[in-house]
Participant: 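Just dropping this structure here.
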Amino acid sequence: MKEKYDAFSIEQTVQNEWEATHPFAVTEDPTRPKFYCLSMFPYPSGKLHMGHVRNYTIGDVLARAKRMQGFNVLQPMGWDAFGMPAENAALQNGVPPAQWTYSNIAYMKGQLKRLGFAIDWQRELTTCRPEYYRWEQWLFKRLYQKRLIYRKMGWVNWDPVDQTVLANEQVIDGRGWRSGALVEKREIPMYYMRITAYAEELLQGLETLPGWPEQVKRMQANWIGKSVGAEVRFPYDEGSIGESGVLTVFTTRPDTLMGATYVAVAAEHPLATKAAQNDPQLAEFIAECRRGSVAEADLATMEKKGMPTPYFVRHPLTGEKLPVWVANYVVMAYGEGAVMAVPAHDERDYAFAQKYRLPIRQVIRPEGFTGTIDGRGPWEERFAAKGRLVDSGPFTGLTSEQAFSAIIAALAEKGLGQQRVQYRLRDWGISRQRYWGCPIPVIHCDHCGEVLVPDEQLPVVLPESVAITGRGSPLAELADWVNVPCPECGRPARRETDTMDTFVESSWYFLRYCCPDNDQAMVDDRVKYWMPVDQYIGGIEHAILHLLYSRFFTRAMRDLGLIPFSEPFTNLLTQGMVVAETFYREEPTTGKKTWINPADVILERDSKGRPISAVHRVDGKPVTIGGLEKMSKSKNNGVDPQALIDQYGADTARFFIIFAAPPEAQLEWSDAGVEGAHRFLRRVWAFGVRYRNEIAPQLPTTAEARSAALRQLSAPFAAARRELHLILEQANRDLAKLQFNTVAAATMKMLNLLERLPDGDASARAVLAHEGFSILLRVLAPITPHLTEILWRECGFGATLRDAPWPEVDPAALAVAEIELIVQINGKTRGKVTVPTDADEPTIRKRVLAHELVQAALEGTEPRRVIIVPGRLVNVVV
RNA sequence: GCCGGGGUGGUGAAAUCGGUAAACACAGCGGACUUAAAAUCCGCCGGCGAUCAAAAGCCUUGGGGGUUCGAGUCCCCUCCCCGGCACCA
């Protein structure tokens, strides 16, 4: 055993052993409780970033602790390997996406191993491999046959110069990121997953997930967006439209129907298209609405604009003629792509009516509001409140709630409406006009239409040698691949050249980890043993889409009879981002910022240690401090985990990451903090050396003698032991809460305690150090598994720490005869009294009132109130 | 714009149930050891405050208000920062 802490030789020794004996490979064992600990798998972007290291360290701490607590722990790892960056890399460097991806995986896998994660590598998954995605294609077919996948037209961002579809992130200020061309919306046929069929169940299911953060459940519920309202049909005014028909709208406020003064339709609505045929101005407005991206954030922030059409519809209850407008704020994808406008009681309609001088008709008198709403003043929040109906014909005088049903009944009687539930959730478009994704197993035949590729021809393998040009779809260029005989009629047909959204792979990978080697079926009985995932860990950025899609897939597969449960993830932890300080220099003329890596900056501090200025390490000239930002390439503030491991070793990196912040909070990078973590581990090592050489030899030889000695400690040692077990109690409570930063802090407190044990009785010291160090090593083991494993063995605690039992608090150690109570006067802390632990309230009251400060405050009068909080404090109100 | 979250010392943070605000660290300052440096160890370390020095006292959890014997924690308003918005993953 070396005198000095040598992280590298320790970590190498331990990791070599894991590599040789696979202690983290697991099989199903019905005799033990299972624990499936899953971290979101990484996209193989090149090398691990700090966010990955944090995610997987959090998961590993839990997995290792659960193992020590007796669980059969599965912790797998894989690669979310399809996606755009591989194509971008091909464009930039000419490396084929497959080669780029596989070499990234090889490098990153090495990094994960170097960090010492307790992963069962035998279950490694790579989604871009045919063995994986063949089952995705197999499932696609079943979902298609169950009509949970269908084809319809959908809008995409179209770059007219590069002749290609762009992702939202590739549209910058309305222009294509490469061509700079103004982006247009274009409608193309796409496959959709019918997630809306499960909208209600996905919403209800949230209530069965007590182990999920409220925040995430709220976001999902809002995303699903259930609203109860009415479908209202406005008959066409045949005189203006020239044909009969109805315009259908959905509204959550049927009580305001009598205040509708116009209707508005989306630019893509059929009535808009029809009106534009003879109206070049309207056609130009519709074209304008088509410019820009399809992103909702863009739509929501643009100026609300509209154009009238010559068309009218009839109010369903009064028969009044209402003008039809085209408005850019009406979304075709929500509801019916048309709204009834009630300017008096809806903020957007109000602004629109003011802008275009449309009539505003108040029909509700909101609760506690006596004024009138006539459009002369600015919008007020209370205009939209519910209340009593006014100027509403037969409905006048009803409350909003009464009118809700009465108006729906009146509509139903005329056959022009009924109550309806509407969800904001839309079906999931899964077609991507890209190369590096899972091929959609469909063949298009002129005679037979859409034909599914027969099972025996699966997988449809993605060709790996293609030319990536950034224009059009690369697969469509591969004549040999595209042109195939129709499986039904044998005549020439064409393969679907779209690939699937990469969210599809990540919607079921957690199932496949249970049975990665099965080449006969997508899932098997092993899934029943391991699933559902007991703890899922990943970034908050996935709170909605990935998690909702996975919940949907689980239900869809349940309904196909493949799995017997509905929710994939019992407990969810959303870890915070890793952020770091940014530094930059600005070009005086252009304002262009050059971002400087924190490693190249020297901070100058004032006498209190506050940073006041910064200079560049190389030229010594000043740089601007830019504030904390998420670690990213663009801000050049990333810290390479590899450099950290190379300098300090994996245990230090892990300890710092766990200690610096609670898992859900943002983690601020600090080089000094890393130093501190390393210093602590050196102290642990140094204590281990001292323990082994000086303390252990003084121990009683038998376990019986040691525990007898622990029961007979003299007062100062008993107090120290109580402290030790109080810290352990805190650590265990925090571990259960997944608050790992304070578990790490507890190990520091334990070391502080062990280094300062009372003097005198060498045997008592040894016995307490023995117990204390064995507890410390076990609590620290999940965080820094290498260092603790070696110390555990060298100090003679056992053969291997990874399977050592988790330490338990000894209630006998916590017992005390006297406790201190805080004395407050009028809620302010003034002193303390010591009372017997079992003192009753009258005794405590007597003791406290005798306290000199209380006496002084009372000045001889009686207290107005005495509040006793057992075991904590006494508050005297004078 | 809509939905969700977060603001506590110089810094990261801690504070079971509404009960001693700042545990544990980092930085800083002072000291020991050393020829010296590194490493290590010891002490101080929210603000105001008077003082040769100290203590008492007062204030303090982004800002304002409220509930309560008592609020970082609960309620209302407000400012700032961050995540998501359906083709980044």
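From a predicted model like this one, the values you see are computed outputs, not experimental measurements. In what follows, chains carry the letters A, B, and so on, assigned in the order in which the sequence lines appear, proteins first and then strands, with residues in each chain numbered from 1. The basis for the numbers below is simple: all heavy atoms, side chains too, and nothing from hydrogens, waters or symmetry mates.
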Participant: Keeping to residues at least two apart or across chains, list the salt bridge (charged side-chain N to carboxylate O under 4.0 Å, His left out) pairs with something in residues 730-740 of chain A.
Facilitator: A:Asp734-A:Lys737
Participant: In whole Å, what is the span from the OH atom of A:Tyr423 to the P atom of B:rC3?
Facilitator: 20 Å
Participant: Could you state the CG-P distance from A:Leu681 to B:rU40, rounded to the nearest angstrom?
Facilitator: 12 Å
Participant: Does a donor on one side chain sit under 3.5 Å from an acceptor on the other, for A:Gln739 and A:Thr742?
Facilitator: yes
Participant: Does A:Gly676 or A:Leu853 map to a spot on RNA chain B nearer the 5' end, using the closest nucleotide for each?
Facilitator: A:Gly676
Participant: Given B:rU16, B:rC24, B:rA13, identify the nucleotide with an atom nearest to the side chain of A:Arg733.
Facilitator: B:rU16
Participant: Using the P atom in both, what is the distance from B:rG5 to B:rU11, to the nearest Å?
Facilitator: 26 Å
Participant: How close or far is atom C1' of B:rG4 from atom CH2 of A:Trp212, stated in whole angstroms?
Facilitator: 15 Å
Participant: Is the base of B:rG9 syn or anti, where syn means the angle lies within 90° of 0?
Facilitator: syn
Participant: List for me each residue that meets salt bridge (Lys or Arg N to Asp or Glu O under 4.0 Å) alongside A:Glu214, sequence neighbours excluded, and say none if there are none.
Facilitator: A:Lys217
Participant: Return no unless some side-chain N or O of A:Arg756 is found under 4.0 Å from OP1 or OP2 of B:rC42.
Facilitator: yes
Participant: How does protein contact run along nucleotides 64-71 of chain B, one letter per nucleotide 5' to 3', with B for base contact, S for sugar-phosphate only, - for none, heavy atoms under 4.0 Å?
Facilitator: -----B--
Participant: Distance check needed: B:rG83 P versus A:His546 NE2, whole Å only.
Facilitator: 20 Å
Participant: If the condition is side chain to side chain donor-acceptor pair (under 3.5 Å), which residues does A:Glu184 pass it with, not counting sequence neighbours?
Facilitator: none
Participant: In terms of heavy-atom contacts, does NZ of A:Lys47 have more than 12 from other residues, nucleotides or ligands at under 6.0 Å?
Facilitator: no
Participant: In whole angstrom, give the distance that lies between atom CE of A:Met748 and atom P of B:rA14.
Facilitator: 14 Å
Participant: Report the residues that fulfil side chain to side chain contact (heavy atoms under 4.5 Å, CB included) with A:Arg434, sequence neighbours left out, ordered by chain and then residue number.
Facilitator: A:Met84, A:Glu87, A:Ala167, A:Gln170, A:Arg432, A:Thr499
Participant: By the 4.0 Å heavy-atom rule, please label A:Glu820 as base, sugar-phosphate, or nothing.
Facilitator: nothing
Participant: Got a sec, which residues hit side chain to side chain contact (heavy atoms under 4.5 Å, CB included) with A:Thr164, two or more places apart in sequence or on another chain?
Facilitator: A:Asp159, A:Asp162, A:Leu166
Participant: Taking the same atom, P, in B:rC59 and in B:rC76, what whole-Å distance lies between them?
Facilitator: 28 Å
Participant: Which value, in whole Å, describes the distance between the C1' atoms of nucleotides B:rC17 and B:rC74?
Facilitator: 13 Å
Participant: Are there runs of at least three consecutive Watson-Crick or G-U pairs touching RNA chain B, with each pair's two distances under 3.5 angstrom? Give them by first number.
Facilitator: B:1-7 with B:79-85, B:10-12 with B:24-26, B:28-32 with B:40-44, B:46-48 with B:57-59, B:62-66 with B:74-78
Participant: Taking atom P in both B:rC79 and B:rC24, compute the distance separating them and give it to the nearest angstrom.
Facilitator: 39 Å
Participant: Can you tell me how far P of B:rA25 sits from CZ of A:Phe740, to the nearest Å?
Facilitator: 21 Å
Participant: On the nucleotide B:rA39, are OP1 or OP2 found under 4.0 Å from the side-chain N or O atoms that A:Arg682 carries?
Facilitator: no
Participant: Checking A:Trp436 now: which residues fulfil ring pair (Phe, Tyr, Trp, His ring centres under 6.0 Å) with it, not counting sequence neighbours?
Facilitator: A:Phe82
Participant: For the rings on A:Phe655 and A:His678, is their centre-to-centre separation under 6.0 Å?
Facilitator: no
Participant: Please measure how far the C1' atom in B:rC44 lies from the corresponding atom in B:rA53, and state the result in whole Å.
Facilitator: 16 Å
Participant: For B:rA15, does OP1 or OP2 lie under 4.0 Å from any side-chain N or O of A:Gln739?
Facilitator: yes
Participant: Can a side chain N or O of A:Asn752 be found less than 4.0 Å away from OP1 or OP2 on B:rA25?
Facilitator: yes
Participant: Just grab all the side-chain hydrogen bond (donor to acceptor under 3.5 Å, both in side chains) pairs involving residues 744-755 of chain A, residues at least two apart or on different chains.
Facilitator: A:Arg683-A:Asn752, A:Arg683-A:Glu755, A:Gln730-A:Lys749
Participant: Is the distance from the ring center of A:Phe656 to that of A:Tyr648 below 6.0 Å?
Facilitator: no
Participant: Determine the sole option in A:Trp79, A:Phe41, A:Trp508 for which the ring pair (Phe, Tyr, Trp, His ring centres under 6.0 Å) test with A:Tyr132 is passed.
Facilitator: A:Trp508
Participant: Choosing from B:rA13, B:rC26, B:rC82, which nucleotide comes nearest the side chain of A:Arg679?
Facilitator: B:rC26
Participant: Excluding sequence neighbours, so at least two apart, what forms ring pair (Phe, Tyr, Trp, His ring centres under 6.0 Å) with A:Tyr549?
Facilitator: A:Trp428, A:Phe503
Participant: Quote, to the nearest angstrom, the C1' distance that separates B:rU61 from B:rG18.
Facilitator: 15 Å
Participant: From CD1 of A:Ile819 over to C1' of B:rG19, roughly how many Å is that when rounded to an integer?
Facilitator: 14 Å
Participant: With rounding to whole Å, what would you report as the distance between B:rA25 and B:rC41 at their P atoms?
Facilitator: 11 Å
Participant: Does A:Asn222 make a side-chain N or O approach to OP1 or OP2 of B:rC2 shorter than 4.0 Å?
Facilitator: no
Participant: On a whole-Å scale, what distance lies between the C1' atoms belonging to B:rA21 and B:rA14?
Facilitator: 9 Å
Participant: Heavy atoms under 4.0 Å, any strand shown: does A:Ala672 hit a base, just sugar-phosphate, or nothing?
Facilitator: sugar-phosphate
Participant: Quick one: label A:Met40 by what it contacts on the DNA or RNA (base, sugar-phosphate, nothing), any heavy atom closer than 4.0 Å.
Facilitator: nothing
Participant: Without decimals, in angstroms, what is the distance between A:Gln575 CD and B:rG83 C1'?
Facilitator: 13 Å
Participant: Would you indicate, yes or no, if B:rC59 has its OP1 or OP2 atom less than 4.0 angstrom from a side-chain nitrogen or oxygen of A:Lys828?
Facilitator: yes
Participant: Can you tell me whether the base of B:rC59 sits syn or anti, using the 90° cut around 0 to define syn?
Facilitator: anti
Participant: Using only side-chain N and O atoms of A:Arg218, determine if any of them is under 4.0 Å from OP1 or OP2 of B:rG5.
Facilitator: yes
Participant: Ignoring the backbone of A:Lys749, work out which of B:rC26, B:rG4, B:rA23 is nearest its side chain.
Facilitator: B:rA23
Participant: Let me have a per-nucleotide readout for nucleotides 84-89 of chain B, 5' to 3', with B, S or -, counting only protein heavy atoms under 4.0 Å.
Facilitator: SBBBSB
Participant: Is A:Arg872 salt-bridged to A:Glu820, cutoff N-O under 4.0 Å?
Facilitator: no
Participant: Return the set of residues passing ring pair (Phe, Tyr, Trp, His ring centres under 6.0 Å) with A:His542 (not counting sequence neighbours), or none when no residue passes.
Facilitator: A:His546
